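All values reported here derive from a predicted model rather than from experimental measurement. Residue numbers start from 1 in every chain, and the chains themselves are labelled A, B, ... in the order their sequence lines are given, proteins ahead of strands.
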Amino acid sequence: MSQKFTNTLTRRREEFVPLNPPRVGMYVCGPTVYGHSHLGHAKSYISFDVIVRWLRASGYDVNYVQNITDVGHLTDDADEGEDKIVVEARKRGLHPMAVVETFIRSYLEDMDALNILRADIMPRATGHIPEQIAMIQCLMARGHAYENNGSVYFSVGSFPDYGKLAGRKVEELEAGARVEVSEEKRHPADFALWKRAEPTHIMRWPSPWGDGFPGWHIECSAMSQKYLGDTLDIHGGGMENKFPHHECEIAQSECATGRQFVRFWLHNNMVTLNGQKMGKSLGNAISLKDVFHGRTDGVRDRNGALLLDRTYEPAVVRHFVLTSHYGAPLDFSAEALHGAESGSYKLRDALAAVADAAARAPTDRPARDVVRTALTEFDARATTAMHEDVNTAAAIASLFDLTRQTGEWLRAGDIGRADFAAALSTLHRWTADILGFAWRSEKASDNGRADAVIKILADLRLEARRDKNFALGDEIRKRLAAAGIELRDTPQGTTW
RNA sequence: GGCGGUGUACCCAAGUGGCCCAAGGGGACGGAUUGCAAAUCCGUUAUUCGCGGGUUCGAAUCCCGCCGCCGCCUCCA
């Protein structure tokens, strides 16, 4: 049994062997911070988070680097539009770096809520201008880049492999080009490594070619090399970045180092909404903050149609994302998200019941073989699923099957505490450590005062029920429910 | 037009040659339990995998053709 990944470079499912085991160098394209994160970001970063968690759980020593793009990402035709961050800064009347700070915080807040582990290193493009300039100089020295009027372009003709990732040929690119070609370029497919800054341009740095700013692609090449070396074991990112972004990264890095840039290219597929890609530029992106906290007027699409009429906690979004494969598109709908919530809570409650038994079940029962066998089988099944290109959907399915069995043990009454502790440990490893589910704690932290009040009401209801005053009992439950508090009668008493 | 991907039940979705008359979740329906409710439990819900051919002893899985949808070829996780 070994780990397999679908390598976009070869379009095959291949056995994963890192260059220097147990170390794994992994780089994932981070966000361009000019707006709040949406469900598309969630799918991408949850997917790679699970890959990192799983590789670590499998004994690999993963060095995870994810960049923050805070300059150079243009709005328009390749190399001719405006910087997205500058556009947002002008809209807000702020310095671009203030915009960057705002959205980096927003991004981290959302990712933390989703229980996504922070990357070991999160380099920012603006913090690595010298490294980018150095790489550009190296490319010029090796004859892969040329300067023209203060800008520097990569010459795709100098790299025969250009197009190998996305399956394109340079000649075809020219033919299909929709964009008016800059006259500074020698070939229409050439792309900018460094752009000359016009006098009014705010984000600018001195360079051997005059004041300017780096092109979008070069940061990933320069920063990944700095922190992970010439050859990465894994490079991840969204499908839509295969071309041109990742293709350009390969060209820059391989021409600069003369070595293979990435051994395994992993691409996650898109989140769609009504079958359409969810994207900022399409105006149909649902922000994570809207999902988690809602909006007074409901979350609506451009045409005013209601997309979400209530909020969902981050663990539910995580569950939703992980019930499909990272490489498959995921179609978003309120119905699908609602279904994910029910499933997620079923898992959460089953886990809580096992935790409870692990603390209270009798200690004088012998360990049962059925338990040990069931846990071993589950573990093997889930592991196999993860080995096959990180099949989280199948792993979750086996988790549900396991909870069906723990439910039986709970009802049987003859299973001892040690067995439940073993089950809890296995469940915890898979749900919390590997899949990263962290459900919102039921009880808000107001020093337990609300809790105490609810307990009084629950006790009064119990008294009413003892007196067969069901009308009063139901009234109490009904009004608590209206306040969002649901009483449940269980064999162990009433919970909420 | 080129490149990449995808099409599995009411919804989401796994499955890449036999263990598939196809996992799991949601929903619905029937039943058990419950004063009621929730939760839980049992059962039912695709002899069939976009369509048509072919290969094979055997295909959802491979090949050919067709149709639909999505992404990329400008920016987007």
Toward the 5' end of RNA chain B, by each residue's nearest nucleotide, Gly473(A) or Gly339(A) = Gly339(A)

Using the C1' atom as the reference point in each nucleotide, state the distance between U47(B) and C70(B) in Å, no decimals.
-> 31 Å

Residues in ring pair (Phe, Tyr, Trp, His ring centres under 6.0 Å) with Trp439(A), at least two apart?
-> Phe437(A)

Please give, in whole Å, the distance from A37(B) C1' to Arg477(A) CZ?
-> 4 Å

P spacing across the pair G17(B) / C12(B), given as an integer number of angstrom | 26 Å

Phe400(A) CZ to U40(B) C1', straight-line distance once rounded to whole Å | 15 Å

Could you check whether Arg12(A) gets within reach of a base, just the sugar-phosphate, or nothing at all, counting any heavy atom under 4.0 Å?
-> nothing

Trp430(A) ring center near His428(A) ring center (under 6.0 Å) = no

So do Pro123(A) and Val65(A) actually touch side chain to side chain, heavy atoms under 4.5 Å?
-> yes

In whole angstrom, give the distance that lies between atom CD of Glu240(A) and atom P of C73(B).
-> 9 Å

Taking the same atom, P, in G18(B) and in A60(B), what whole-Å distance lies between them?
-> 10 Å

Expressed as a whole number of Å, how far does the P atom of C51(B) sit from that of U61(B)?
-> 11 Å

Across all chains, not counting sequence neighbours, the side chain to side chain contact (heavy atoms under 4.5 Å, CB included) partners of Asp309(A) are Leu306(A)

Aromatic ring proximity, centroids under 6.0 angstrom, Tyr45(A) and Tyr107(A) = yes

Nearest to the side chain of Arg404(A) - G25(B), A77(B), U74(B)?
-> G25(B)

Atom pair distance, as rounded to whole Å: CD in Glu219(A) and P in C75(B) = 14 Å

Spacing between Glu247(A) atom CD and C3(B) atom P, to the nearest angstrom | 15 Å

List for me each residue that meets side chain to side chain contact (heavy atoms under 4.5 Å, CB included) alongside Asp401(A), sequence neighbours excluded, and say none if there are none.
-> Arg381(A), Arg404(A)

When rounded to whole Å, the OH to P distance for the pair Tyr345(A) and U40(B) reads 14 Å

May I ask you to test the Thr403(A)-Lys346(A) pair for a side-chain heavy-atom distance under 4.5 Å?
-> no

Tyr326(A) atom OH is separated from A14(B) atom P, nearest whole Å, by 13 Å

Any luck finding a side-chain donor-acceptor pair between Tyr27(A) and Asn67(A) under 3.5 Å?
-> yes

Stem regions touching RNA chain B, defined by at least 3 consecutive Watson-Crick or wobble G-U pairs below 3.5 angstrom = B:1-7 with B:67-73, B:10-12 with B:24-26, B:27-32 with B:40-45, B:50-54 with B:62-66

Which parts of nucleotides 4-13 of chain B does protein reach within less than 4.0 Å, heavy atoms only, written one letter per nucleotide 5' to 3' as B for base, S for sugar-phosphate only and - for none?
-> SS-----S-S

Grab the CG-P distance between Asn391(A) and A22(B) for me, whole Å please.
-> 19 Å

Choosing from A77(B), C3(B), A23(B), which nucleotide comes nearest the side chain of Thr32(A)?
-> A77(B)

May I ask you to check whether His246(A) and His217(A) place their ring centres under 6.0 Å from each other?
-> no

Can you tell me if the side-chain N/O atoms of Lys468(A) get under 4.0 Å from OP1 or OP2 in G35(B)?
-> no

In whole angstrom, give me the gap between the C1' atoms of G50(B) and G7(B).
-> 6 Å

Output all residues satisfying ring pair (Phe, Tyr, Trp, His ring centres under 6.0 Å) with Phe420(A), sequence neighbours left out; order by chain, then residue number.
-> none

Does the base of C41(B) carry an N or O that pairs as donor and acceptor with the side chain of Arg411(A) under 3.5 Å?
-> no

Report yes if the ring of Phe470(A) lies under 5.5 Å from the six-membered base ring of G35(B) with planes under 30°, and no otherwise.
-> yes

Side chains of Val62(A) and Tyr64(A): does their closest heavy-atom pair fall under 4.5 Å?
-> yes

P atoms of C20(B) and C63(B), separation to the nearest Å = 24 Å

Determine the Euclidean distance between corresponding C1' atoms of C49(B) and A13(B); express it in Å to zero decimal places.
-> 13 Å

